[in-house]
Amino acid sequence: MNQPKRSDEPIWWALFSAGGVCFAVVIPGLLLTIALLYPLGVLPENALNYQQVQQWLLQDWWGLAGLALAGAAICLPLFHAMHRIHHGLHDLKLSSGLLGKILCYSSASLFSALALYFWWQGLG
């Protein structure tokens, strides 16, 4: 009896799905708040005060709010986009299998690590 070959696709599909949810929920919420409600004066004048937002994102709860926001707004959508690019290249017969997968997901990982590094630098 042959054992079925294990695949790493569920991991990438889970990141793709989480990134899609973030694209659908978090990004529009951020855009609505920062680009529409605040400039129109719907939010209080000091709602997006730099020191207040920095304290909330970086200091409170050991910076977990900032980490969650960075992950939801930057890291997960990166994996979503790279998953689309990887499968688009595969559909166009431009992907070379494992090499395309490594390039796509390693670049998403690298950019995510850079985003989290810059977030971490904001803590100091």
Side-chain angles (χ1 to χ4, degrees):
M1 209 178 262
N2 292 337
Q3 289 288 333
K5 182 181 173 190
R6 291 193 183 256
S7 173
D8 60 349
E9 279 297 310
I11 296 167
W12 307 121
W13 279 101
L15 287 169
F16 169 77
S17 176
V21 168
C22 290
F23 266 133
V25 176
V26 175
I27 302 297
L30 283 173
L31 287 174
L32 177 69
T33 302
I34 294 171
L36 193 62
L37 296 179
Y38 187 69
L40 288 175
V42 175
L43 296 176
E45 190 69 30
N46 65 351
L48 294 178
N49 182 1
Y50 178 76
Q51 287 81 17
Q52 186 177 2
V53 171
Q54 183 182 27
Q55 180 183 3
W56 181 71
L57 290 178
L58 301 176
Q59 313 306 290
D60 293 344
W61 303 311
W62 302 283
L64 291 178
L67 178 64
L69 185 64
I74 298 171
C75 300
L76 289 174
L78 269 172
F79 278 98
H80 178 86
M82 284 304 176
H83 190 78
R84 282 190 176 271
I85 289 170
H86 171 65
H87 282 281
L89 290 173
H90 177 73
D91 290 344
L92 294 172
K93 309 261 189 264
L94 297 174
S95 176
S96 57
L98 184 61
L99 179 63
K101 184 184 282 191
I102 290 171
L103 286 175
C104 285
Y105 297 128
S106 64
S107 63
S109 299
L110 173 69
F111 292 137
S112 295
L114 283 173
L116 295 178
Y117 170 76
F118 288 125
W119 165 82
W120 185 259
Q121 290 302 310
L123 286 176

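- Side-chain heavy atoms closer than 4.5 Å link hydrophobic residues (I, L, V, M, F, W, Y) into clusters, and following such links, even through other members, never connects Phe79 to Trp13.
- Looking at Leu31 and Leu36, their side chains never come closer than 4.5 Å, going by heavy atoms from C-beta outward.
- Of the inter-residue distances, the one linking His86 atom NE2 with Asp91 atom CG reads 9.5 Å to the nearest 0.5 angstrom.
- Shown here are the ring pair (Phe, Tyr, Trp, His ring centres under 6.0 Å) partners of Phe111, two or more places apart in sequence or in another chain: there are none.
- Phe16 and Val26 are members of different hydrophobic clusters when ILVMFWY side chains are connected at heavy-atom separations under 4.5 Å.
- Both Leu43 and Leu69 sit in one connected hydrophobic cluster of ILVMFWY residues. Membership requires side-chain heavy atoms under 4.5 Å apart, directly or through other members.
- Under the 4.5 Å side-chain heavy-atom criterion for Ile, Leu, Val, Met, Phe, Trp and Tyr, Leu15 and Val21 are members of distinct hydrophobic clusters.
- For the residue pair Pro10 and Ser7, the shortest heavy atom distance occurs at CD-O, 3.6 Å.
- Going from atom CG of Leu99 over to atom SG of Cys104 covers 9.5 Å, rounded to the nearest 0.5 Å.
- Residues Tyr38 and Leu32 fall within the same hydrophobic cluster, defined by Ile, Leu, Val, Met, Phe, Trp and Tyr side chains chained together at heavy-atom separations under 4.5 Å.
- Interatomic distance, OG of Ser112 versus CG of Leu76, reported as 7.5 Å (0.5 Å rounding).
- Closest non-hydrogen pair, Asn46 versus Gln52, comes out as O-OE1, 2.8 Å.
- Relative ring orientation between Trp12 and Tyr105 is described as parallel, the plane-to-plane angle staying below 30° on a 0-90° scale split at 30° and 60°.
- Cys22 approaches Pro28 most closely through the heavy-atom pair O-CD, 4.3 Å.
- Ring to ring, His83 and His87 are close: their centroids are under 6.0 angstrom apart.
- Going from atom CD1 of Ile85 over to atom CG of Leu94 covers 12.5 Å, rounded to the nearest 0.5 Å.
- The heavy-atom pair separating Met82 from Ala108 by the smallest distance is CG-CB, 3.7 Å.
- Of all heavy-atom pairs between Ala35 and Pro39, the closest is O-CG, 3.5 Å.
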